[in-house]
*Asks:* 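Quick one: the structure is below, questions incoming.
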Amino acid sequence: MSLDVAEAGERAESPLSPEELYEAGRSARGGLPRSAAADYVPPPGRDPIGILRRQHEDRLQNLVDLRVERMGADPFAFYRGTAAIQAADLAAAPTTGAEVVICGDAHLSNFGMYRSPENAMVFDINDFDEATVGPWEWDLKRLLCSIVLAGRSLDLPADEVRTATEESAMAYRAWLRRALAAPLTARYFTPTSVRSGRRRLSPDMLRLIRQVTKESRKRTTERTARRTLETEDDGRLRFVERPPILLRAEPEIQALAQDAYERYRTTLPPNTALLTSQLRLDDVARRVVGVGSVGTRCFVIALRGPVGEPVILQLKQAESSVVERFGGVEALPGYLDLTLLPDEQGYRVVACQRILQAVSDPFLGFLRVEQFAFYMRQFRNRNASFEIGAMNRAQFFDYARVCAVVLARAHARSPKSPFIAGYLGSGTVFARAVAEWAVRYADQAEADYAEFSAAARDGAFRVG
């Protein structure tokens, strides 16, 4: 159910001006009060275990047990792997109808730092497997619920968890308005530097940023190459296996690699396409990644430059977004090239990443290999995440708020974002209500985790 702003135009480029969109958002409060954001009603026939089992059907069966193991670590780890369950739960919930390009899985651990092509360290959303066009509320709710679950995992008092969640919701509202006051080009291309906003951060958070920045220096292609590659007598690079995380690809996959690489290159910008034409493909290996992504097809590719320098790219399977598959949100014209969808799901991931990030990996591209869609990106580009479980209170509050700021800036790049600002207004009604929803849904996620753990013990996910 939605109060659909599509009456103002079914395409992304709405015929309404930003001022008219803002007023339309204000008017939408009459049909969907901001206080209604607190409501959570489990849908009839809710089946979280069934959703996970459906996801496992399309995955590499030898890795299903590993996915179950990783999701079973604690409720927050479980939540990281259950974007599909949340999409199904939100499918029937009312929304304002103002769609934007969304991350689709905007929990706290899907933000982090990485190196820009200009060699600057930036902080942004860093996972786009579920990204698509959809309700802005879904991204914000997923983020806020992750704040509640993470705060509980840190044993923070309930009132402090609630405060952190409300403050993050208010930061989203304030920074969306701030972004909309900036020129459009600034919205799109001004990154969140790890050095920006330092006056608003606690000394503890500044210390943590320095620590994570230092650790990121270890996460480079050069260091990874020294640890995972060996050079044969003819100069070719070969991956050193580390089962079950890293295994050299089967001969039939190796045989497909060069053709796949050439097709990937056709989707790159001209400068990167020319750069990659000068790299020689030497080896391919399977690699296990993430929590929710475990079981999808993922490879790393070793390439060699003109003077023997190693370059490692990651090839990752792209399935349809859970927002579409389990949330029932259909692709909309005006945002992405629908002639490439649904077949080229890698295109969806790449396109949404370029929209949502202020600065993106120049190696981003997509391709198909037989019946599977993939996207390609750099592997180990000083990308580093913040270890939430090791944060103190001040660091956690700052980190949660910064993630909300980054999400607001990402949403501000979509044409209908002024509608969101108009709907949210300047008060605290929505922030308090959506924080209440986050607490209620965190309770649901913890109950799902208990059910999942019991099902896993009973062999519900056992393969074979």
*Asks:* Locate the shortest heavy-atom distance separating Pro135 from Ile102; write the atom from each residue and the value.
*Replies:* O-CG2, 3.7 Å
*Asks:* How many angstroms lie between atom CZ of Phe299 and atom CD of Gln314, to the nearest 0.5 angstrom?
*Replies:* 11.0 Å
*Asks:* Return the CD1 to CZ distance between Ile312 and Arg287, rounded to the nearest 0.5 Å.
*Replies:* 9.5 Å
*Asks:* Under the rule for side-chain contact (heavy atoms from CB on, under 4.5 Å), what residues qualify as partners of Asp398, not counting sequence neighbours?
*Replies:* Leu201, Ser202, Met205, Arg401
*Asks:* Would you compute the distance between atom CG of Leu90 and atom OG1 of Thr95 and round it to the nearest 0.5 angstrom?
*Replies:* 10.0 Å
*Asks:* Distance-only, no hydrogens or angles: does the Ser417 side chain make a donor-acceptor pair with backbone N or O of Ala412 under 3.5 Å?
*Replies:* yes
*Asks:* Would you check if Val359 and Pro117 make a side-chain contact, meaning some heavy-atom pair closer than 4.5 Å?
*Replies:* yes
*Asks:* Using ring-ring contact (aromatic ring centres under 6.0 Å, His included), reason through Phe461 and Phe452 one step at a time and then give a plain yes or no.
*Replies:* CA-CA 10 Å; Phe461 304 107; Phe452 166 82; 5.3 Å; yes
*Asks:* Roughly how far apart are Phe366 CZ and Thr267 OG1, rounded to 0.5 Å?
*Replies:*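 So the gap between those two atoms works out to 5.0 Å.
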*Asks:* Which salt bridge (Lys or Arg N to Asp or Glu O under 4.0 Å) pairs, counting each pair once, include a residue from residues 84-97, with sequence neighbours left out?
*Replies:*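 Listed by first then second residue: Arg46-Asp89.
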*Asks:* What's the verdict on side-chain contact (heavy atoms from CB on, under 4.5 Å) for Thr228 and Leu246, showing C-alpha distance, side-chain angles and the deciding distance?
*Replies:* CA-CA 9 Å; Thr228 64; Leu246 187 69; 4.2 Å; yes
*Asks:* Ignoring hydrogens and angles, tell me if any N or O in the side chain of Tyr423 forms a donor-acceptor pair with the backbone of Leu32 under 3.5 Å.
*Replies:* yes
*Asks:* With sequence neighbours left out, write down each residue that passes side-chain contact (heavy atoms from CB on, under 4.5 Å) with Ala384, or none if nothing qualifies.
*Replies:*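 Listed in chain order: Met113, Val212, Ser216, Arg219.
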*Asks:* Could you tell me how the ring of Tyr441 sits relative to the ring of Trp437: parallel (under 30°), tilted (30 to 60°) or perpendicular (over 60°)?
*Replies:*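 The rings of Tyr441 and Trp437 lie parallel, inter-plane angle below 30°.
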*Asks:* List the steps and the verdict of side-chain contact (heavy atoms from CB on, under 4.5 Å) for Asn110 and Asn126.
*Replies:* CA-CA 6 Å; Asn110 276 346; Asn126 64 8; 4.1 Å; yes
*Asks:* Taking side-chain hydrogen bond (donor to acceptor under 3.5 Å, both in side chains) as the test, write out the residues that go with Ser109, two or more places apart.
*Replies:* none
*Asks:* How many angstroms lie between SG in Cys298 and CZ in Phe374, if you round to the nearest 0.5 Å?
*Replies:*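 Going from the SG atom of Cys298 to the CZ atom of Phe374 covers 9.0 Å.
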*Asks:* Distance-only check: which donor-acceptor pairs under 3.5 Å involve side-chain atoms of residues 141-153, not counting sequence neighbours?
*Replies:*
from: Arg142; atom 1: NE; to: Asp105; atom 2: OD1; distance (Å): 2.6
from: Arg142; atom 1: NH1; to: Tyr79; atom 2: OH; distance (Å): 3.4
from: Arg142; atom 1: NH1; to: Gln86; atom 2: OE1; distance (Å): 2.7
from: Arg142; atom 1: NH2; to: Tyr79; atom 2: O; distance (Å): 2.6
from: Arg142; atom 1: NH2; to: Asp105; atom 2: OD1; distance (Å): 3.1
from: Ser146; atom 1: OG; to: Leu108; atom 2: N; distance (Å): 3.1
from: Ser146; atom 1: OG; to: Leu143; atom 2: O; distance (Å): 2.6
from: Arg152; atom 1: NH1; to: Asp443; atom 2: OD1; distance (Å): 3.0
from: Arg152; atom 1: NH1; to: Glu446; atom 2: OE1; distance (Å): 3.0
from: Arg152; atom 1: NH1; to: Glu446; atom 2: OE2; distance (Å): 3.4
from: Arg152; atom 1: NH2; to: Asp443; atom 2: OD1; distance (Å): 2.9
from: Ser153; atom 1: OG; to: Ala150; atom 2: O; distance (Å): 2.6

*Asks:* Does the pair Arg59 and Leu63 meet the rule for a side-chain contact (heavy atoms from CB on, under 4.5 Å), with working shown?
*Replies:* CA-CA 8 Å; Arg59 308 238 169 166; Leu63 294 177; over 6 Å; no
*Asks:* Can you run down the side chain to side chain donor-acceptor pair (under 3.5 Å) pairs that involve residues 347-358, sequence neighbours left out, and say none if there aren't any?
*Replies:*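 Passing the test, one end in residues 347-358: Tyr114-Gln357, Gln345-Arg348, Gln353-Gln357, Gln357-Ser360.
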*Asks:* Compare every heavy atom of Ala410 with every heavy atom of Leu356, then report the nearest pair and how far apart it is.
*Replies:* O-CB, 3.6 Å
*Asks:* Among Arg34, Glu137, Lys416, exactly one meets side-chain hydrogen bond (donor to acceptor under 3.5 Å, both in side chains) together with Thr96. Which residue is that?
*Replies:* Glu137
*Asks:* What salt bridge (Lys or Arg N to Asp or Glu O under 4.0 Å) pairs are there with at least one residue in residues 162-189, not counting sequence neighbours?
*Replies:*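 Matches after skipping sequence neighbours: Arg162-Glu436.
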*Asks:* Would you please classify the geometry between the Tyr172 ring and the Trp136 ring as parallel, tilted or perpendicular, with 30° and 60° separating the classes?
*Replies:* parallel
*Asks:* Can a donor-acceptor pair be found between the side chains of Thr221 and Gln378 at a distance below 3.5 Å?
*Replies:*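 Checked: Thr221/Gln378 side chains show no N/O donor-acceptor pair below 3.5 Å.
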*Asks:* Test: salt bridge (Lys or Arg N to Asp or Glu O under 4.0 Å). Region: residues 373-393. Which pairs qualify, not counting sequence neighbours?
*Replies:*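 For residues 373-393: Glu160-Arg393.
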*Asks:* With side chains defined as the heavy atoms from C-beta onward, is the minimum distance between Asn381 and Asp361 less than 4.5 Å?
*Replies:* no
*Asks:* With sequence neighbours excluded, what pairs up with Arg207 under the side-chain hydrogen bond (donor to acceptor under 3.5 Å, both in side chains) test?
*Replies:* Asp204
*Asks:* Work out which heavy atom in Pro191 is nearest to a heavy atom in Ala358; give both atom names and the distance.
*Replies:*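 It is CA-CB, 3.5 Å.
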*Asks:* How close do Tyr335 and Pro415 get, counting heavy atoms only, and between which atoms?
*Replies:*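 Shortest heavy-atom contact: CE2-CD, 4.2 Å.
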*Asks:* Taking side chain as C-beta onward, heavy atoms only, is Leu315 less than 4.5 Å from Val300?
*Replies:*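 No. Closest side-chain heavy atoms not under 4.5 Å.
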*Asks:* For a 4.5 angstrom cut-off between non-hydrogen side-chain atoms, does Phe123 reach Ile209?
*Replies:*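 Side-chain contact under 4.5 Å: no.
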*Asks:* Would Phe386 and Phe396 satisfy side-chain contact (heavy atoms from CB on, under 4.5 Å), going step by step from the backbone distance to the final call?
*Replies:* CA-CA 10 Å; Phe386 287 76; Phe396 178 70; over 6 Å; no
*Asks:* Taking the side chain as every heavy atom from C-beta outward, state whether Gln55 and Val64 have any pair of such atoms under 4.5 Å apart.
*Replies:*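 SC-SC contact between Gln55 and Val64 ruled out.
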*Asks:* Mind checking what makes side-chain contact (heavy atoms from CB on, under 4.5 Å) contact with Glu222, not counting sequence neighbours?
*Replies:*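 In terms of side-chain contact (heavy atoms from CB on, under 4.5 Å), with neighbours along the sequence ignored, Glu222 is linked to Thr220, Arg226.
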*Asks:* Give the C-alpha distance, both sets of side-chain angles, the deciding distance and a yes or no for salt bridge (Lys or Arg N to Asp or Glu O under 4.0 Å) between Asp58 and Arg325.
*Replies:* CA-CA 13 Å; Asp58 300 328; Arg325 182 179 178 188; 3.5 Å; yes
*Asks:* Locate the shortest heavy-atom distance separating Cys352 from Ala131; write the atom from each residue and the value.
*Replies:*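 Scanning both residues, the minimum pair turns out to be CB-CB, 3.4 Å.
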*Asks:* Taking ring pair (Phe, Tyr, Trp, His ring centres under 6.0 Å) as the test, write out the residues that go with Phe128, two or more places apart.
*Replies:* none
*Asks:* Could you tell me which non-hydrogen atom of Arg413 sits nearest to which non-hydrogen atom of Thr190, and how far apart they are?
*Replies:*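 Nearest heavy atoms, Arg413 then Thr190: NH2-O, 4.5 Å.
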*Asks:* Should we say atom CZ of Arg368 is surrounded by more than 12 heavy atoms from elsewhere, each under 6.0 Å from it?
*Replies:*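 Yes.
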*Asks:* Decide yes or no for Thr82 and Leu52: does some side-chain heavy atom of the first lie under 4.5 Å from some side-chain heavy atom of the second?
*Replies:* yes
*Asks:* Got Val439 and Thr165 here, is their nearest side-chain heavy-atom distance under 4.5 Å?
*Replies:* no
*Asks:* Mind checking ring pair (Phe, Tyr, Trp, His ring centres under 6.0 Å) for His107 and listing every partner two or more places apart, or none if nothing turns up?
*Replies:*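 Counting only residues at least two positions away or on another chain, His107 forms no ring pair (Phe, Tyr, Trp, His ring centres under 6.0 Å).
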*Asks:* So do Val323 and Trp138 actually touch side chain to side chain, heavy atoms under 4.5 Å?
*Replies:*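 When only atoms from C-beta onward are counted, Val323 and Trp138 do touch, with a gap below 4.5 Å.
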*Asks:* Enter the distance from Arg409:CZ to His411:NE2 here, rounded to the nearest 0.5 Å.
*Replies:* 13.5 Å
